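Take a look at the structure below.
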Amino acid sequence: MIWNLTKNTAFYALVTLIVVLAVFPFYYAIITSFKTGSNLFTVEYFPSSFSLENYVSVINAGSFTRNLLNSLIVSTLVVLLALLIAVTASFALARVRFRGRSLLLLTILSVSMFPQIAVLAGLFEVVRFLGLYNTLWSLVFSYTIFTLPFTVWVLTTFMRDLPVEIEEAAIVDGATPWVIITKVFLPLMWPAMVTTGLLAFIAAWNEFLFALTFTSSTEVRTVPVTIALLSGASAHEIPWGTIMAASVIVTVPLVVLVLIFQRKIISGLTAGGVKG
């Protein structure tokens, strides 16, 4: 009994330590965002005074709200395009038998192995050739390319585990492949779709390198680039309070989304992991 109590105590102590290490940076960013002036350089884990000056400064400064809307538009379009393409591709890869299917799936997955910087120059030439430079469509195009391998792989794995009898019954009733995808499979694939969609949204929301390279005007930039380019009253001043306030504004929606869909995220991530 003492041994079990010791194990439980050590387990919960380890969990508490992990949670503290994971949450503390965000907590410190929040309390820093409410500090102004010299208080920014005072280490206080439980501050006694709070000020909304940094938040007001971020919202009123430049085009932060416009860039926030740009990030929302780009991330939403990336999720919609990635899921549309991934659902149809996963149906072909999981349900249609053709030569080279496994090789094609491995090729799709191998695309995610390349770091962004390795394909940046080539992708920039493609974006410029298509006339998408300095537009939101350049970001939608590039983000979708890097999001598809993960979404296709997860949805294909999930669709493989769906009972074949459901599809056969739909075929007997005269259903077309599109009807099977939209009317039969989609209602069953919500956990995997929510997981992949949310992860694609987070990746597009936080992406910095492509957003910095493929856009040049303030009106087209997304939030990560805007935060990186925030400047103080002088060239040598770093506005830590403003940066922390902007970071909190950008991070809170993601935390809320994860908390809302956490059950479906877990179900989607474990899809295909257990054969029953």
Side-chain angles (χ1 to χ4, degrees), residues 18-19 21-23 25-27 29-30 65 67-91 93-94 105 108-109 111-116 136-162 181-182 184-211 221-227 246-274:
I18 293 174
V19 171
L21 292 176
V23 175
F26 184 57
Y27 169 76
I30 293 176
T65 53
N67 301 139
L68 191 65
L69 180 61
N70 290 342
S71 291
L72 180 61
I73 293 173
V74 170
S75 301
T76 303
L77 289 176
V78 168
V79 170
L80 294 177
L81 285 175
L83 288 181
L84 175 62
I85 299 174
V87 167
T88 53
S90 62
F91 176 79
L93 292 170
L105 186 59
I108 293 174
L109 184 63
V111 174
S112 61
M113 298 172 59
F114 292 92
Q116 290 181 320
L136 294 181
W137 289 110
S138 65
L139 304 182
V140 174
F141 174 72
S142 57
Y143 294 173
T144 303
I145 291 176
F146 272 83
T147 303
L148 276 177
F150 172 77
T151 55
V152 170
W153 185 270
V154 172
L155 294 183
T156 300
T157 303
F158 190 88
M159 192 172 291
R160 279 177 176 172
D161 293 336
L162 296 179
I181 294 174
T182 56
V184 179
F185 285 154
L186 280 186
L188 302 174
M189 294 178 63
W190 276 115
M193 292 185 64
V194 169
T195 301
T196 54
L198 184 57
L199 294 178
F201 185 91
I202 293 174
W205 184 270
N206 293 329
E207 203 283 328
F208 175 78
L209 182 60
F210 289 162
R221 286 174 180 150
T222 53
V223 166
V225 180
T226 302
I227 295 176
S247 301
V248 171
I249 293 175
V250 172
T251 306
V252 166
L254 301 182
V255 175
V256 173
L257 286 175
V258 171
L259 291 177
I260 293 175
F261 296 108
Q262 58 177 331
R263 291 185 179 273
K264 291 188 178 297
I265 292 173
I266 296 174
S267 300
L269 288 176
T270 56
V274 178

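Residue numbers count from 1 along this sequence. Treat the numbers as computed from the prediction; the structure is a model and nothing was measured. What you see below is based on every heavy atom in this structure, not just the backbone, and it leaves out hydrogens, waters and symmetry mates.
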Check: So L199 and V154, side-chain contact (heavy atoms from CB on, under 4.5 Å) or not? Walk me through it.
Finding: CA-CA 11 Å; L199 294 178; V154 172; over 6 Å; no
Note to self: Which heavy atom of V152 sits nearest to which heavy atom of S90, and what is that distance?
What the structure shows: O-CB, 4.3 Å
Next item on the list: Rounded to the nearest 0.5 Å, what's the gap from CZ on F208 to CD1 on I227? Could you check?
Entry: 10.0 Å
Check: What is the minimum heavy-atom distance between P25 and A22, and which atoms define it?
Finding: CD-O, 3.7 Å
Note to self: Using every non-hydrogen atom in the two residues, find where V225 and A211 come nearest and quote the distance to one decimal.
What the structure shows: CG2-CB, 3.6 Å
Note to self: So, taking the atom named OG1 in T251 and the one named CZ in F26, what distance separates them when rounded to the nearest 0.5 Å?
What the structure shows: 5.5 Å
Next item on the list: Can you measure from CG (N70) to CG (L139) and round to the nearest 0.5 angstrom?
Entry: 8.5 Å
Notebook entry, point to check: Which distance, rounded to the nearest 0.5 Å, do you find between the OG1 of T222 and the CG of L69?
Noted result: 12.0 Å
Notebook entry, point to check: Is the backbone of A82 close enough, under 3.5 Å, to the side chain of T147 for a donor and an acceptor to pair up by distance?
Noted result: no
Next item on the list: Only one of V87, T88, L93, T195 passes side chain to side chain contact (heavy atoms under 4.5 Å, CB included) with L155; say which it is.
Entry: V87
Next item on the list: Determine, stepwise, if the pair L72 / F201 fulfils side-chain contact (heavy atoms from CB on, under 4.5 Å).
Entry: CA-CA 9 Å; L72 180 61; F201 185 91; 4.1 Å; yes
Check: Out of curiosity, L77 CG to L136 CG, how far, rounded to the nearest 0.5 Å?
Finding: 8.5 Å
Margin query: For the OG atom of S75 and the OH atom of Y143, what is their distance to the nearest 0.5 Å?
Written below: 7.5 Å
Item checked: Nearest heavy-atom neighbours spanning F91 and M159 -> CA-SD, 3.2 Å
Item checked: Nearest heavy-atom neighbours spanning A86 and L148 -> N-CD2, 4.2 Å
